[in-house]
Undergrad: 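Encoded as structure tokens, here's the structure I'll be asking about.
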Amino acid sequence: AHIALEDARRGGHRLHVYSGGDELRVKAIALDAALATALEADEFELHFQPLVDAHSCRPVCAEALVRWNSASLGRKSPAEFIPALERSGGIIALGAWVLREACLRAATWQDVRVAVNLSARQFQEGDLLGDVKRALALSGLPPERLELEITESVMIESPDRVQTLLAALSALGVRVMLDDFGTGYSSLSILRTLAVSGLKIDRSFVTALERGNNLEAQAMIRSIVGLSQALELDVVAEGVEHADEGTLLRNLGVDLLQGYYYGRPSPDWTPLD
Ligand code: C2E
Ligand code: MG
Ligand code: MG
Ligand code: MG
């Protein structure tokens, strides 16, 4: 294995061990190097994608999705740079930036909530509660209009700490949503353990509606909706690309819909359009 010393200023003195071919290793090092200066170089940008009410089709929330346009590497997908930042620890600083920028933007909207994705590492290190409070204070956004999206991966390490933090966030009035629901392994028990307001059914279930296994996908969505109603949770379906999927999901009892059909993530999205 090859060992590279990563940016010591932000991530602390951490050693990275890369495995795989030379080419992959060189790319990973270039990515880490470019990411180490991306925040100060102002290379990140937020795009917003609406979540609409399944009945009125009006936007009630917008999810902040971070984009990176690197001076050296060009546009990179979050699927690539978020895991790299999670490894280096850079996600702590980016996470605080996203919270602040998302709240500042949402404060200019009327009523519409903003949803911000959190990484597991933000629960383990840094000052998540402080970052949230500062973002709300700076922007003046009412806590009820901030939604935090977590995945069950937050529970892998120190679940007690996570539960305490989520309880504190709920006490502030902030909403917490369980993202990518149905893709993990402990989905059902986690709903009882964590103080969440709702869940987002993973896009793969919606994609399955269009495929041959339609009845199976419908049955699974129906059971997730039933469970959510019993637990008084809001249900969102993500990845809705066609009108008929939206109709079906609404008939299955899904509360909110999100996907390209209702709007692609965009840097200048506003509910007043
Ligand atoms: P996610 O939170 O599940 O976000 C939904 C992803 O699905 C987004 O991809 C969005 O652009 C995409 N999407 C929305 N509607 C459709 C659709 O109709 N069809 C298809 N095919 N895709 C759709 P994106 O923006 O590439 O983000 C990927 C993931 O990166 C996110 O998944 C989230 O886990 C992570 N991410 C994005 N921004 C942040 C951030 O600020 N912080 C953290 N920690 N993670 C982030
Ligand atoms: Mg999300
Ligand atoms: Mg998701
Ligand atoms: Mg997803």
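Just so you know, these numbers come straight off a predicted model, no measurement behind them. Sequential numbering from 1 along the given sequence is applied to the chain's residues. Atoms within each ligand, like the ligands themselves, are counted from 1 in listed order.
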Undergrad: Kindly say whether Asp160 contributes a backbone atom to a donor-acceptor pair with the side chain of Gln163 at under 3.5 angstrom?
TA: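 Looks like no, no N/O pair under 3.5 Å.
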Undergrad: Of all the heavy atoms in Gln258, does at least one lie under 4.0 Å from an atom in ligand 1?
TA: no
Undergrad: Find all atoms of ligand 1 within a distance of less than 4.0 Å from any non-hydrogen atom belonging to Ile82, and give their numbers and elements.
TA: 43 (C), 45 (N), 46 (C)
Undergrad: Taking 4.0 angstrom as the limit and counting only heavy atoms of Gln49, give me the atoms of ligand 1 inside it, by number and element.
TA: 14 (C), 15 (N)
Undergrad: Has Ala79 got any heavy atom lying under 4.0 angstrom from an atom of ligand 1?
TA: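 Contact check Ala79 vs ligand 1: negative.
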Undergrad: Parallel, tilted or perpendicular, judged at 30° and 60°: which one describes the rings of Phe44 and Trp97?
TA: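 The arrangement is tilted - the two ring planes meet at 30° to 60°.
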Undergrad: Indicate, as side chain, backbone, both or neither, the part of Glu238 found under 4.0 angstrom from ligand 1 when only non-hydrogen atoms are considered.
TA: side chain
Undergrad: Heavy-atom contacts under 4.0 Å between Pro265 and ligand 1: side chain, backbone, both, or neither?
TA: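 Side chain only.
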Undergrad: Going by the atom numbers of ligand 1, which of them fall below 4.0 Å from some non-hydrogen atom of Glu241?
TA: 17 (C), 18 (O), 19 (N), 20 (C), 21 (N)
Undergrad: What N/O/S atom of Glu149 gets nearest to the Mg ion (ligand 2)?
TA: OE1
Undergrad: Quick one: angle Glu238 OE1 - the Mg ion (ligand 3) - Asp179 OD1, to the nearest 10°?
TA: 90°
Undergrad: For ligand 1, is Gly239 a contact, meaning one of its heavy atoms is under 4.0 Å away?
TA: yes
Undergrad: The Mg ion (ligand 2) to Asn117: any N/O/S contact under 2.8 Å?
TA: yes
Undergrad: Should the proximity of Val98 to ligand 1, defined as any heavy atom under 4.0 Å, be assigned to the side chain, the backbone, both, or neither?
TA: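 It is the side chain that gets close, since no backbone atom is under 4.0 Å.
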Undergrad: Does ligand 1 have an atom that lies less than 4.0 angstrom from a heavy atom of Lys200?
TA: no
Undergrad: What N, O or S atom of Glu63 is found closest to the Mg ion (ligand 2)?
TA: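 Closest to the Mg ion (ligand 2) among those atoms: OE2.
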Undergrad: Between Arg67 and ligand 1, which part of the residue brings a heavy atom under 4.0 Å of the ligand: side chain, backbone, both or neither?
TA: side chain
Undergrad: Report the part of Leu94 (side chain from C-beta onward, or backbone N, CA, C, O) that has a heavy atom under 4.0 Å from ligand 1; answer both or neither where that applies.
TA: neither
Undergrad: Out of Glu149, Arg203, Gln122, whose heavy atom sits nearest atom 21 (N) of ligand 1?
TA: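 Checking each option, the heavy atom nearest atom 21 (N) of ligand 1 is found in Arg203.
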Undergrad: Using heavy atoms and a 4.0 Å limit, tell me yes or no: is Glu86 in contact with ligand 1?
TA: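 Heavy atoms of Glu86 never come under 4.0 Å of ligand 1.
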Undergrad: For Asp179, which part has a heavy atom under 4.0 Å from ligand 1: side chain, backbone, both, or neither?
TA: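 Answer for Asp179: side chain.
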Undergrad: Name of the Asp180 N, O or S atom nearest the Mg ion (ligand 3)?
TA: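 For Asp180, the N/O/S atom sitting closest to the Mg ion (ligand 3) is OD1.
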